Amino acid sequence: MAVVVIKDLCNGCEACLDSCPYEAIEMVDGVAYINEACTMCMACLESCPVEAIISEEREDVPVGVAKEDFSGVWVFAEQRMGKVSSVVMELLGEGRKLADDLGEVLTAVLLGHGMEPEARDLVAFGADEVIYVDDPLLAHFNDGPYASVLSDLITERKPSIVLAGATFMGRSFIPMVASKVDTGLTADCTALSIDPETLDLLQTRPAFGGNIMATIICPRHRPQMATVRHKVLVPAVMDKNNKGEVHIIQGLDGKTVDQRTEVIEVVEEIMDTVNLAEADIIVSGGRGLGSPEGFKLIEELALELGGAVGASRSVVDAGWIPYSHQVGQTGKTVQPKLYIACGISGAVQHLAGMQASDVIVAINKDPDAPIFDVANYGLVGDLFEIIPQITRLLRTAGSGP
Amino acid sequence: MQIVVCIKQVPDTTKVKINPETNTLMREGVESIINPFDLYAIEEAVRLKEAHGGVVKVVTMGPPQAGSALREAIALGADEAVLVSDRAFAGADTWVTAYTLAAAIRTLGQVDLILCGKQAIDGDTAQVGPSLADQLNIPFVAFVRKVREVADGSMVVERMFEEGYEVVRLPIPGLMTVVKEINEPRLPSLKGKMRAKKAEIFTIDRSALDVEDAFLGLDGSPTRVVKIFSPELKKAGEKWEEDPGEMAAKLVANLRDQKII
Ligand SMILES: Cc1cc2nc3c(=O)[nH]c(=O)nc-3n(C[C@H](O)[C@H](O)[C@H](O)COP(=O)(O)OP(=O)(O)OC[C@H]3O[C@@H](n4cnc5c(N)ncnc54)[C@H](O)[C@@H]3O)c2cc1C
Ligand SMILES: Nc1ncnc2c1ncn2[C@@H]1O[C@H](COP(=O)(O)O)[C@@H](O)[C@H]1O
């Protein structure tokens, strides 16, 4: 495959030149020419008003696998400290739809220790089948054993789709699994569906810092693997009447697993009890807070709302709050129901991490701050005057009848 | 310690804009930079070298232009630069990138530690590091925010997690991907810049690698981009500029009405 210009169609308008993030298009003899810097990202295709740029599929497909040997939708049921993460319910909700569209079985795969009740709960959340591998070695996440066990299961049982959360855990070891089973992996998806013709999984994700969306397929390899962003898909609802089988695999059964890395200690350091990725409400503070003490206001409001505390990079760099609170391109991507940005200017790098939130509130004294361009509710004014009022209103209402 | 740092040259995506009429990327004024996360990987490698001795090699797979990113890395303290470049490598997805980089790194002799950035800001995948570790069959830790100690045959590092961090022992040879919290990258020194100008860039092409053509470039890539489109942009909603108390009350009332709180 390659991105090519149909010379006879090209009218030399140069519209494509600017659309290439890699400077791979130049004009040669009055027509567009794609040079060797092309990464085939295809960002240029839509820029051409006369549709002279196309992607050309090669006829002789090189390698691949027998797709018909693979069946079933798998969800990796991530757990931390013996508790199944909430992203798993979202994966099960979406996985159910995909499995139904394909007429295939939905399987949840749980790796842990002493988690039989949790394994059974996965059936109530819609799994037709649960594979639970129970071993002390799997109680706590470690890349090596997890990658070994999951890739062995995939090789033995041949699912056609494997989904995992785009969490620290998923983004850490799932790429190793994909590499071990020699298949493609699409990171950080925000939408999934089945192509009705080819039955391939259509995996949509943001790229270029959220500036464009790309739909990606894995046409010749199986399984089709994707990590999926937290908080974008609709979670499955628990229904105790759901029926399904739970297969418990006790121990690693003499299998050799990669144990080269060793987890020595686990340290929790989030200031509040709610973690950012899980939170439905986030109150974030920026340089406008003036000093580390300013975060008191943010914490009070977050507490009142039952939300988590976020921050811009400036204040993290200034040491006002730990990096684990940073939202944005180099921090965390969040998608809560409500995001309240206080004293944050709204630099693109910050927006990249939070603009997908359902409702955005901005409090800033500069009416021209870019944060207002994405805010559903913009409050122009001094945060030191506004935030305490909001907190007080919530507090008085909370204690009322 | 023999350290390899994998870096990628990327368009500065923070400057990429969308043309609202055609819904396509506008590249104007967007320069190519070293992937910001890779700067932390370079810095950490140079610090490890300064503390424990050794050599830092920067490796990139990309078009010939990517050589400028390698020179920049030399200015920042790297010792040697390797450009993995061939038309046959173009259009590689993360699986193929890791496959090709692994083959290139195998030609470099002894390697004790490989450092990658957490993710590249063009694709934002964070997949090349772990995939590379698997291809080379070495242990790995992602999202490292601190190197605590380097002992004989292993290192102790802190790995970020949602709720905090974990302390992990990584045997050597091993690979880690780093987050920005790990250090504060230095600016290029004058001496570094001079060295960068004169530095020789060692180029590896298809013929130098023990790889199969079927696994290279776009054709070898398991994944395919089938469509590119613009995200729905968020539109500004209401903006108030009134008495703080009134705004607070209006906000709370609106959020309550919509059952958001
Ligand atoms: C490669 C790269 C990656 C980056 N990644 C991130 C990232 O992940 N996350 C991130 O956030 N940033 C990131 N940045 C930094 C980003 O560009 C901005 O510098 C940063 O987001 C600004 O933080 P801020 O809004 O808190 O500070 P400022 O830009 O200084 O804004 C402070 C705002 O507070 C307002 N204000 C001041 N006083 C008051 C008051 N009393 N009441 C109300 N409002 C007040 C001001 O009007 C101003 O708008 C990155 C930058 C680069 C180059
Ligand atoms: N073409 C490449 N050449 C060298 N290193 C790369 C390349 N692509 C990715 N990397 C490394 O892998 C990391 C993760 O990239 P990605 O998986 O593309 O998000 C980057 O920070 C680099 O360290």
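Chain identifiers are assigned alphabetically (A, B, ...) following the order of the sequence lines, protein sequences preceding nucleic acid strands; residue numbering begins at 1 within each chain. Worth saying up front: this structure is predicted, and the values here are computed from it rather than measured.
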With only heavy atoms counted, which part of [X] is less than 4.5 Å from chain B, the side chain, the backbone, both or neither?
{"X": "D373(A)", "result": "backbone"}
{"X": "Q349(A)", "result": "side chain"}
{"X": "T391(A)", "result": "neither"}
{"X": "A214(A)", "result": "both"}
{"X": "V177(A)", "result": "neither"}

Need one label for [X]: side chain, backbone, both or neither, based on atoms under 4.5 Å from any heavy atom in chain A.
{"X": "A90(B)", "result": "both"}
{"X": "V252(B)", "result": "side chain"}
{"X": "V156(B)", "result": "side chain"}
{"X": "K118(B)", "result": "side chain"}

E184(B), CD atom: more than 12 neighbouring heavy atoms under 6.0 Å: no

Residues K180(B), D317(A); criterion salt bridge (Lys or Arg N to Asp or Glu O under 4.0 Å); working and verdict: CA-CA 10 Å; K180(B) 66 160 271 247; D317(A) 285 352; 2.9 Å; yes

Q127(B) side chain vs L185(A) backbone, donor-acceptor pair below 3.5 Å: yes

Choice from T183(A), I360(A), D188(A), N35(A) maximising heavy atom contacts with chain B below 4.5 Å: T183(A)

Name the option with the most non-hydrogen atom pairs under 4.5 Å to chain A; the candidates are [options].
{"options": "A92(B), S221(B), G91(B)", "value": "G91(B)"}
{"options": "L251(B), D243(B), I228(B)", "value": "I228(B)"}
{"options": "L132(B), T94(B), V128(B), N137(B)", "value": "N137(B)"}
{"options": "S131(B), A142(B), P63(B), S85(B)", "value": "S131(B)"}
{"options": "F37(B), F89(B), F140(B)", "value": "F140(B)"}
{"options": "L255(B), V141(B), L170(B)", "value": "L255(B)"}

Heavy-atom side-chain proximity of R148(B) to I264(A) below 4.5 angstrom: no

Note, W95(B) side chain near H221(A) side chain (heavy atom, < 4.5 Å): no

R224(B) and D200(A): CA distance, side-chain angles, deciding distance, salt bridge (Lys or Arg N to Asp or Glu O under 4.0 Å) verdict: CA-CA 11 Å; R224(B) 281 267 181 289; D200(A) 282 336; over 6 Å; no

Working for side chain to side chain contact (heavy atoms under 4.5 Å, CB included), residues I261(B) and L394(A): CA-CA 10 Å; I261(B) 54 172; L394(A) 294 169; 3.6 Å; yes

Heavy-atom closest pair, residues K239(B) and P367(A): NZ-O, 2.8 Å

F143(B) and F168(A) aromatic ring geometry - parallel, tilted or perpendicular at 30°/60° bounds: perpendicular

